[in-house]
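Letters go in sequence order (proteins before strands), and every chain restarts at 1. All figures in this text were calculated on a predicted structure; none of them were measured in a lab.
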Number of protein chains: 2
Amino acid sequence: MASVDHNSDDSGSGRTAGRRRDATATRDAILHSAVVSFTRAGYDGVGVREIAQGAGVTAMLVNRYFGSKEQLFAEAVDVSFAPRTVVTGDAGTLSRDIALSLAARTAPESDHLNPFLLMLRSASNPRAAEIMRAATERHVGQDLRELLPGADAAERAELILALITGVWMMRRVIGTAALADADPGSLTRRIEAMLRVLVESAGNAEDRADI
Amino acid sequence: MASVDHNSDDSGSGRTAGRRRDATATRDAILHSAVVSFTRAGYDGVGVREIAQGAGVTAMLVNRYFGSKEQLFAEAVDVSFAPRTVVTGDAGTLSRDIALSLAARTAPESDHLNPFLLMLRSASNPRAAEIMRAATERHVGQDLRELLPGADAAERAELILALITGVWMMRRVIGTAALADADPGSLTRRIEAMLRVLVESAGNAEDRADI
DNA sequence: GTCTATATAATGATAGAC
DNA sequence: GTCTATCATTATATAGAC
């Protein structure tokens with residue numbers, strides 16, 4: 001969101017008491033509501049009426065400003081994927097940084113608005129999947145790739161994304177017991193060890209084949 | 001499928017020319033069609049009419065035999081999750097067996113009917129997610145857990161499932177480029193190395209923290 | 001700039017005939 | 001045991017008033 005101007009608070013639950021007739025504010029409110037709704041229920045699990053209600057407007061304005069639900073989704077994915085959620089910048093501490101952040105954010109009590117949740121809950125729709133494929137390679141995939149030293153950076157970066165995605169899936173979307181109740185320290189150490197296999201395996205994959 | 005009897009071939013594309021009025025055959029045909037459809041499009045992505053058409057019957061019979069779409073889904077999940085897809089039985093070769101099987105089945109040309117695909121594409125629906133959580137812990141989760149030596153077997157088993165799920169997600173459902181085009185040998189070795197961290201980390205997770 | 005009202009299509013589930 | 005016909009609901013998207 002950000003920018004533009006305004007006095008009233010629109011970012012929370014719409015703009016019930018806010019000033020009316022402001023195109024950019026209405027557009028931002030719809031987009032923010034879309035990110036929240038798509039993350040919670042996925043592309044097919046939420047209707048434009050619900051998104052509009054979350055922004056304090058009627059469903060008609062969603063298509064007015066974004067053309068279609070699919071185009072709104074594409075913009076919402078871009079907003080959700082834009083901030084680098086786990087990558088902190090240092091290749092040396094990358095494995096630990098990702099593991100710590102992942103264990104904390106997938107904890108049952110956390111309700112962080114996360115791009116991986118959006119991805120998992122929208123993956124069943126083929127068009128949504130294609131939109132997310134493009135966004136993934138454009139945002140976090142590229143960031144990770146450039147951070148990894150050695151050969152096969154793209155393959156290793158996407159395996160990192162696969163592990164992160166899988167942990168989000170089993171721990172938070174499916175919610176299996178052992179992961180949901182796992183000790184944060186133990187979980188962090190195990191994820192970190194798995195990530196190190198990818199981060200440190202410069203050049204030849206066989207270097208790590210006989211650990 | 002299996003069992004019962006019959007001469008006509010019902011398993012393929014319904015029973016257009018098959019003998020009519022056989023309750024168990026019709027039920028099996030619907031169930032098989034449901035597994036195929038739910039795996040391809042997910043719980044919300046397919047309607048009961050489509051499932052019925054795949055079995056060569058009308059939509060009404062789906063509710064007649066299974067009560068509701070949700071109950072049909074629960075039985076389809078059980079059928080899909082029942083055969084142990086990756087676990088071969090030997091703890092010593094477990095990492096390599098899973099890695100080989102996973103790399104082969106997630107290859108772009110493969111169109112194997114897989115429980116992880118069913119899971120990923122149905123995860124957006126909360127009721128479907130709960131059904132799959134129960135089935136996961138009942139089937140493959142338990143099999144894996146009993147195969148792992150040492151402490152924290154349940155947590156390590158579910159992390160194995162998380163890695164498998166994530167690879168299915170990024171390579172086949174989202175379809176990112178580097179994983180889709182990855183060399184099978186390189187991919188297998190990297191997945192195997194990550195799995196060994198979990199399979200061999202008996203007792204203390206810190207054993208593997210400084211590879 | 002935003003609304004009400006509606007067009008059109010699809011959904012899961014059910015009633016009752018044969 | 002299986003069908004046709006239909007109910008009630010919901011979905012995205014659009015037309016036209018103010």
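- When rounded to the nearest whole Å, the span between CG of A:Asp44 and P of D:dT10 equals 17 Å.
- Partners of B:Thr176 according to the side-chain hydrogen bond (donor to acceptor under 3.5 Å, both in side chains) rule, which considers only residues two or more places apart in sequence or in another chain, are A:Glu158.
- Among residues two or more places apart in sequence or in another chain, the salt bridge (charged side-chain N to carboxylate O under 4.0 Å, His left out) test is passed with A:Glu146 by none.
- Ring geometry for A:Tyr43 versus A:Phe73: interplanar angle over 60°, hence perpendicular rather than tilted (30 to 60°).
- Taking atom CG of B:Leu61 as the reference point, atom P of D:dT4 lies 10 Å away to the nearest angstrom.
- Between the P atom of C:dA9 and the CD atom of B:Glu50 lies a distance of 18 Å, rounded to the nearest Å.
- Residues that satisfy the salt bridge (charged side-chain N to carboxylate O under 4.0 Å, His left out) test with B:Arg49, not counting sequence neighbours, are absent from this structure.
- Between the P atom of D:dA11 and the CD1 atom of A:Ile51 lies a distance of 11 Å, rounded to the nearest Å.
- For C:dC3, the OP1/OP2 oxygens have a side-chain nitrogen or oxygen of A:Thr58 closer than 4.0 Å.
- Here the C1' atom of nucleotide C:dT4 and the CD atom of A:Gln53 are 16 Å apart, to the nearest Å.
- Taking the side-chain contact (heavy atoms from CB on, under 4.5 Å) definition, one finds that A:Ala34 meets it with A:Phe38, A:Ile51, A:Leu72, A:Ala76, sequence neighbours left out.
- Residue A:Phe73 contributes atom CZ, which lies 17 Å from atom C1' of D:dA11 at whole-angstrom precision.
- The salt bridge (charged side-chain N to carboxylate O under 4.0 Å, His left out) search around B:Arg27 returns B:Glu75, not counting sequence neighbours.
- When the salt bridge (charged side-chain N to carboxylate O under 4.0 Å, His left out) test is applied to B:Asp78, the partners found at least two apart in sequence or on another chain are B:Arg138.
- Evaluation of the side-chain hydrogen bond (donor to acceptor under 3.5 Å, both in side chains) rule for B:Ser124 yields no partner, not counting sequence neighbours.
- The distance between atom CG of A:Leu72 and atom P of D:dA11, rounded to the nearest whole Å, is 15 Å.
- Contact annotation: A:Tyr65 side-chain N/O to C:dG1 OP1/OP2 distance is not under 4.0 Å.
- Between B:Thr26 and D:dT2, a side-chain N or O to OP1/OP2 separation shorter than 4.0 Å is present.
- Stretches of at least 3 consecutive Watson-Crick or G-U wobble pairs, with each checked distance under 3.5 Å, appear in DNA chain D as C:1-7 with D:12-18, C:9-18 with D:1-10.
- Between B:Glu130 and B:Arg133 there is a salt bridge, since a side-chain N of the basic residue sits under 4.0 Å from a carboxylate O of the acidic one.
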Check nucleotides 13-16 of chain D for protein N or O atoms closer than 3.5 Å to its own N or O atoms and list the pairs.
unit_1, atom_1, unit_2, atom_2, d
D:dA13, OP2, A:Asn63, OD1, 3.3
D:dA13, OP2, A:Lys69, N, 2.9

